[in-house]
Protein chains: 2
Amino acid sequence: MSAPALTKNQALVFDVLEKADGPLSAYTILDKLRDHGFRAPLQVYRALEKLLEYGVVHRLESINSFVACAHPGENCHSHGIVAFAICESCGQVMEFHDHEVDHRLMDWTRGKKFKAEKTTIEIRGLCEACAA
Amino acid sequence: MSAPALTKNQALVFDVLEKADGPLSAYTILDKLRDHGFRAPLQVYRALEKLLEYGVVHRLESINSFVACAHPGENCHSHGIVAFAICESCGQVMEFHDHEVDHRLMDWTRGKKFKAEKTTIEIRGLCEACAA
DNA sequence: ATCGCACACGTTATAGCATAACGCAATTGA
DNA sequence: TCAATTGCGTTATGCTATAACGTGTGCGAT
């Protein structure tokens with residue numbers, strides 16, 4: 001599932017996300033790409049779908065937004081569960097991984113015979129700078 | 001922040017959620033309450049806002065739905081972070097708490113001086129029955 | 001008492017997020 | 001060559017959530 005060469009649209013969307021300093025909504029991405037010929041939401045969503053699949057972009061469920069993976073080049077899917085801390089003031093997102101958390105959640109799912117497909121961990125709050 | 005007496009609308013919304021055997025979207029709740037005089041989404045969202053505040057209802061960010069707390073009577077806010085396992089086939093939701101996970105996440109936020117306000121943990125997949 | 005305030009409520013309108021369904025073009029591999 | 005796959009563009013639609021305005025009710029302070 002490592003990323004193949006990106007198509008034009010996928011590259012444009014990824015580029016916008018990578019250059020942004022925070023998560024963007026699909027419609028914000030659309031607006032930023034109108035000059036490049038984007039006209040409809042589906043063009044964005046279709047590109048995002050692939051980028052998510054390739055593991056180079058993450059979706060932040062709690063704010064309906066998307067962010068480029070913090071580990072360019074690596075395959076993020078191999079790092080275990082991805083967790084995010086999202087500053088509700090400045091919008092900055094920190095991405096991290098904690099294997100102990102992974103283990104605890106996996107222990108729970110094993111105990112319940114629950115087949116986990118996709119796990120979301122998102123901490124919303126204030127980053128150090130904004131909490132001051 | 002324990003729950004005061006619920007207003008009429010809040011009680012109606014809570015009742016629908018409690019009797020449901022899975023999470024419901026705000027609009028599904030609205031449809032179930034049309035016979036009781038509900039006409040507009042805001043009536044549902046305003047009630048939900050209070051019920052979330054009182055800790056008797058949870059919001060599932062990854063599926064834009066709401067579910068009654070699994071601990072009737074208790075104040076769920078005092079149990080630490082709430083985690084959910086959501087079956088994508090039958091819709092059933094299991095709610096659980098893991099203090100070790102809480103600790104690990106709190107350690108991380110402390111290290112980053114991040115002031116956590118609200119943490120989401122949602123595992124989507126297949127429950128034992130549906131995975132068979 | 002009545003004024004001001006807080007709160008719940010009702011309504012209309014609108015904003016924001018996401019996908020269905022159709023058709024076309026390019027690529028690939030049997 | 002033909003069928004299957006994939007990406008793309010467009011239109012339309014559906015789902016989720018909130019803004020803005022006004023009404024009524026209860027309640028404490030003056």
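To find a chain, count down the sequence lines: A is the first, B the second, and so on, and within it residues start at 1.
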Note: chain A reaches DNA chain D at heavy-atom distances under 4.0 Å over the stretch, first to last nt, 5' to 3', of D:dG7 to D:dT11

Going 5' to 3' along nucleotides 12-22 of chain C, which nucleotides have protein heavy atoms under 4.0 Å from the base (write B), which only from the sugar-phosphate (write S), and which from neither (write -)? B----BBBBB-

Any donor-acceptor N/O pair, A:Glu18 side chain to A:Ala68 backbone, under 3.5 Å: no

Taking only the side-chain nitrogens and oxygens of B:Gln43, find out if one of them lies under 4.0 Å from OP1 or OP2 of C:dC9. no

Donor-acceptor pair, side chain of B:Thr109 and main chain of B:Leu105, under 3.5 angstrom: yes

Consider only side-chain heavy atoms of I, L, V, M, F, W and Y, link residues closer than 4.5 Å, and tell whether B:Leu48 and B:Phe38 are in one cluster. yes

Do the charged groups of B:Glu61 and B:Lys118 touch, with an N to O distance under 4.0 Å? no

Which residues pass the side-chain hydrogen bond (donor to acceptor under 3.5 Å, both in side chains) test with A:Ser89, sequence neighbours left out? none

Does the pair B:Asp107/B:Arg104 count as a salt bridge with the N-to-O cut at 4.0 Å? no

Hydrophobic cluster of B:Met106, others only, ordered by chain and residue number, side-chain cut-off 4.5 Å: none

Could you tabulate the donor-acceptor pairs under 3.5 Å formed by side-chain atoms of residues 6-13 of chain A, not counting sequence neighbours?
residue	atom	partner	partner atom	Å
A:Thr7	OG1	A:Gln10	N	3.4
A:Thr7	OG1	A:Gln10	NE2	3.4
A:Gln10	OE1	A:Thr7	N	3.2

Per the under-4.0 Å heavy-atom filter, residues of residues 85-92 of chain B near DNA chain C come out as none

Could you state the atom-to-atom distance from NZ of A:Lys8 to C1' of C:dA26 in whole Å? 15 Å

Salt-bridge present (B:Glu49, B:Arg59; N to O < 4.0 Å): no

Could you tell me whether the side chains of A:Glu122 and A:Ser62 share a donor-acceptor contact shorter than 3.5 Å? yes

Look at the side-chain N and O atoms of B:Lys50 and state whether any lies under 4.0 Å from the OP1 or OP2 oxygen of C:dA8. yes

With ring pair (Phe, Tyr, Trp, His ring centres under 6.0 Å) as the criterion, how do A:His97 and A:His71 come out once you've worked through the C-alpha distance, each side chain's angles and the decisive distance to 0.1 Å? CA-CA 11 Å; A:His97 308 264; A:His71 307 101; 5.0 Å; yes

Can you measure B:Leu12 atom CG to C:dA8 atom C1' for me and round it to whole angstrom units? 14 Å

Rounded distance (Å) that lies between atom P of C:dA8 and atom CD of B:Gln10: 6 Å

